Amino acid sequence: MEEPVNIPEIFGSLVFTDSEMKSRLPEAVYDSLKKTLSEGGEIEKDVANAVAGALKDWAISKGATHYTHWFQPLTGITAEKHDSFIAVGPKGTAVTEFSGKALIKGEPDASSFPSGGLRATFEARGYTSWDPTSCAFIKDNCLCIPTVFRSHSGEMLDMKTPLLRSMDLINKEALRILKLFGMTDVTRVVPTVGPEQEYFLVDRKAAEKRRDLMLTGRTLFGAKPPKGQELADHYFGSLRPRVKEFMRDLNSELWKLGVYAKTEHNEAAPAQHELAPIYVAANIAADHNQLTMEKMKIIAEDHGLLCLLHEKPFEGVNGSGKHNNWSLETDTGLNLLRPGKDPASNKLFLLILVAVISSVHKHQDLLRIAVASASNDNRLGGNEAPPAIVSMFIGSDLEDVLNTMAGMASSNTKGASRKLESGVKSLPDINRDTTDRNRTSPFAFTGNKFEFRMLGSSHSVAETNVIINTIVADELRSYAEFIEKAEDKAAAIDAVIVSNYKLHSPVIFNGNNYSPNWSEEAKKRGLLNLPTTPDALPYLVSNENIELFARNKIYSSAELLSRVEVLFDKYAKEVLIEANTMIEMSSRQILPAVLKYQNMLVDTLKARSELGLRYGSSAEKLLADRMDPLSTELLFLTDELKAAVSACSVLSSSREKANACRDNVIPKMAELRKVCDSLEEITGSEYWPIPTYADLLYGV
Ligand code: ADP
Ligand code: MG
């Protein structure tokens, strides 16, 4: 019998929550800390020491022996360096110690973290500083203190700093708008995020036999299995026992860490699953999603599984994304993207809606960049994921409302008036009927939030939400400036909604985003189509974007330049690791196996001829003839890929390397794969050296 899980009891048991802190600190200390946190400024030494002491006692009572400054460097994953609480006591004894200084600031030797040239190696030290907006927690007997990571000259070296900056920014601009609507009781607006996390689970023993899975997280070879996802029998299907046990453990661990793990189910591809938490503030969601990904990998191991967070682990079946659900919530509990019962007269909602539409249209490049990586390039534009074109879906009811207001013809051929008169006034219709229909849209309004579906499964949600918060805030600021100046506020609000909707409605597309006609149509509308990461990255440092981030104080131009450098570098490195893995597998596993099989055929033919048997049209002869040119080609293509890799490696800039990867290395990888997969189809299965797609996709 499994032990019952008591959710309220275990929830947050490994988190140093605000109430835990309050109960462990003298009142004056707690109040002083809260005051500093809300007003800014340095935390007093005595206060820091008291908090550290309370944290240490709590952590030790939960079994912790170490502490770490937990941060999110530009690698996109989290980093930690552990120190134990040990200190030398009197007469050679050991005591535990954790000072306010150690809580507030850390100096990891950070020279190996990517900085994109922001730091020369002689001043390589960055420092981490406590981020009290996120609670400390215990992971694997280690007290993790969420921190931000900066260089000594103050530039950001992590994902968290810009996210917090962007949250303050959108708070400020949204409050300005709310004031114009007379909502003076609101004191804070927070962007909320609920990331749906997709992943694959495969048998670990099988996966360990494949270098590509272990080193790159995806299969670089593999013929199509006899059964893929065509029957759609996996989606929402019942869970295999091992998967169920994995999910059970994962949920418990996440609940203990204060993550509201909520929904779990099988996804469309065989071996693919999803976990969605209940949404929280964007910065907490970013931390929690990192913890979720980490826990998924660790707990999978306990169950003899390998968790793949790669965006495209298998060719020919769905890849994995991370749907970023986003909205704005006030401290009075109002969701600014809730249409209400009568959206047509809910001008605040319409204004926010139009601000999102306009900012997405204006900054398609940035949203594309937010999801740009070598791994996600394999997924976007595959026929199960949005293409690399950013468009939006808001549902026909809301479109009708805006079209009517703007005096524009409805793009909805089914007729606007019918909808306007009937369905549009009731909230349930807005929610279910019209807003969740288009599952192919990269940026869809889904009832009371936007769902951005281009994000890759392995990505941090931080970057994406930095972009969304910044572009929407920038838009809201210009609206506020205009309305504040106007005599007639109501008329100005209408004018802002109408003029911006007219200008930016071309980003709205209700059709099938996966259809080939869409890219033609998108071109006519002047929408950007940036299929690969190196196509997209240069836009990050366009004058327009440098100005956007500077005026909003999110990234300085030095930070942006470093960011782009890091991203080009990461792209090239990931592609080259894949290419080298292919070269190794092809030369040392696949070709030898194929030749062994071929030689067996040749030996049989020799024996036949020695016995005087006919062999000219025997199966052995025909098969050997088929294999011979393919194995020769495999050898040649492996050499050609090697040459492409060498040519790329000598290039000096990471941008040139990335372009060479896109133009020369990736096409060769595709050629090599094709030949290899053809050989897999005709080589005897006991000769084939690595587990097949069927072994992996149906092995759990
Ligand atoms: P679906 O698969 O249909 O998109 P799910 O229920 O799986 O829907 O996921 C919806 C996600 O959106 C959940 O993580 C949920 O918490 C999140 N969400 C719901 N409301 C909001 C909101 N106001 N802001 C941000 N995220 C939200
Ligand atoms: Mg979704």
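None of these values were measured; they are calculated from a predicted model. Whatever order the structure lists ligands and atoms in, that order sets their numbers, starting from 1. Quick note: numbers below take in every heavy atom, side chains included, and nothing from hydrogens, waters or symmetry partners.
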Query raised in the report: Hey, is CZ on Phe11 packed in by over 12 heavy atoms from elsewhere, all under 6.0 Å?
Result: yes
Requested in this report: Give the numbers and elements of all ligand 1 atoms closer than 4.0 Å to a heavy atom of Lys449.
Outcome: 12 (O), 18 (N), 19 (C), 20 (N), 21 (C), 27 (C)
Query raised in the report: Which atoms from ligand 1 have a heavy atom of Asn335 less than 4.0 Å away?
Result: 23 (N)
Query raised in the report: Does Glu451 reach ligand 1 with a nitrogen or oxygen that is under 3.5 Å from one of the ligand's nitrogen or oxygen atoms?
Result: yes
Requested in this report: Answer yes when Arg563 and Glu463 have at least one side-chain N-carboxylate O distance shorter than 4.0 Å, and no when they do not.
Outcome: yes
Query raised in the report: Do Asn500 and Glu475 have side-chain heavy atoms sitting under 4.5 Å apart?
Result: yes
Requested in this report: Output yes when the distance from some N or O of ligand 1 to some N or O of Pro277 is under 3.5 Å, and no in every other case.
Outcome: yes
Query raised in the report: Considering distance alone, does some N or O of Thr192 sit under 3.5 Å from an N or O of ligand 1?
Result: yes
Query raised in the report: What atoms in ligand 1 come closer than 4.0 Å to a heavy atom of Ile278?
Result: 16 (O)
Query raised in the report: So which of Tyr279, Trp326, Phe450 gets nearest to atom 27 (C) of ligand 1, if we judge by its closest heavy atom?
Result: Tyr279
Requested in this report: Using non-hydrogen atoms of the residue, decide whether Glu274 is closer than 4.0 angstrom to ligand 1.
Outcome: yes
Query raised in the report: Is any side-chain N of the basic residue among Asp249 and Lys295 closer than 4.0 Å to the acidic one's carboxylate O?
Result: no
Query raised in the report: Does a donor on one side chain and an acceptor on the other come within less than 3.5 Å for Ser320 and Gln272?
Result: yes
Query - Side chain proximity check, Val189 to Ile170, heavy atoms < 4.5 angstrom - result: no
Query raised in the report: Would Arg218 and Glu311 pass as an ion pair if we require N to O under 4.0 Å?
Result: no
Query raised in the report: Would one find an N or O of Glu196, backbone or side chain, under 3.5 Å from an N or O of ligand 1?
Result: yes
Report summary line: With heavy atoms and a 4.0 Å threshold, my read on which part of Asn325 contacts ligand 1 is both
